[in-house]
Amino acid sequence: GESVGLHLPTLSVQEGDNSIINCAYSNSASDYFIWYKQESGKGPQFIIDIRSNMDKRQGQRVTVLLNKTVKHLSLQIAATQPGDSAVYFCAENAAGNKLTFGGGTRVLVKP
Amino acid sequence: SQTIHQWPATLVQPVGSPLSLECTVEGTSNPNLYWYRQAAGRGLQLLFYSVGIGQISSEVPQNLSASRPQDRQFILSSKKLLLSDSGFYLCAWSAQGGYGYTFGSGTRLTVV
């Protein structure tokens, strides 16, 4: 079936630098995408979302970019902080209200 | 505001024992409810979802079952646990017609 995948399973970034997490999706019918952050032992937390009629959306220190031509989604974190260390999941909604999640990328922030 | 409660937080159960994990949502009506499992260091696997009382859809064949006896209550069960049932179980809800999920805090299940 269609799925969402990630290019980089682990990303190490220096504190203060910007982070970019990438995600490829294969279902061209997907119309909604979300990024979640999951800290160890906790449930995923919503970070930011974007609908397919947009190509960019900004939040506090985070930006999501959507490129529908190549079915690519990215999450940019500005001025990465130690508290940003976590696993990040992208997810897409293509059918009804069921999200399909990617495999996750672990972000490690080095002091 | 809406909140989701999931318990217990951790559980150690012997092989062959039964399981019951409970999830409740407050502050909303007629939510979509979901059970996910996450193996250590892995992604999220959808196990069951429900769009209403008594309506359960299973995504993967397994040793588990789900029930929704009340609008805002979702229960994950097993009659006999297997070692392979160990994992981190997450409940989530979404609004009818909405897209985003809100997750509970999860239950760490270890089958020994």
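Letters A, B, ... mirror the listed sequences (proteins, then strands); counts begin at 1.
Within a 6.0 Å radius of CD in Gln73(B), other residues, nucleotides and ligands contribute more than 12 heavy atoms. Summarising the local packing, NZ of Lys42(A) is surrounded by 12 or fewer heavy atoms from other residues, nucleotides or ligands at distances under 6.0 Å.
Glu59(B) touches chain A through its side chain: at least one heavy atom from C-beta onward sits under 4.5 Å away, while N, CA, C and O do not. With a 4.5 angstrom heavy-atom cutoff, Ala92(B) does not touch chain A via any of its atoms. Only the side chain of Ile34(A) comes within contact range of chain B, judged by heavy atoms closer than 4.5 Å.
Under a hydrophobic-cluster definition in which Ile, Leu, Val, Met, Phe, Trp and Tyr are linked whenever side-chain heavy atoms come within less than 4.5 Å, directly or via other members, Phe46(A) and Leu90(B) are assigned to the same cluster. Taking hydrophobic clusters as Ile, Leu, Val, Met, Phe, Trp and Tyr residues chained together by side-chain heavy-atom distances below 4.5 Å, Trp7(B) does not share a cluster with Ile75(B). Residues Leu109(B) and Phe103(B) fall into different hydrophobic clusters, defined by Ile, Leu, Val, Met, Phe, Trp and Tyr side chains chained together at heavy-atom separations under 4.5 Å. Note on Leu46(B) and Phe48(B): separate hydrophobic clusters, where clusters join Ile, Leu, Val, Met, Phe, Trp and Tyr whose side-chain heavy atoms are under 4.5 Å apart, directly or indirectly.
Of the possible donor and acceptor atoms, none in the side chain of Tyr34(B) sits under 3.5 Å from a partner among the backbone N and O of Leu99(A).
At a threshold of 4.5 Å between non-hydrogen side-chain atoms, the residues Gln38(A) and Phe88(B) count as touching.
Rounded to the nearest 0.5 Å, atoms CD (Gln38(B)) and CZ (Phe101(A)) are 9.5 Å apart.
Between Tyr36(A) and Tyr101(B), the shortest heavy-atom contact is OH-O, 2.8 Å.
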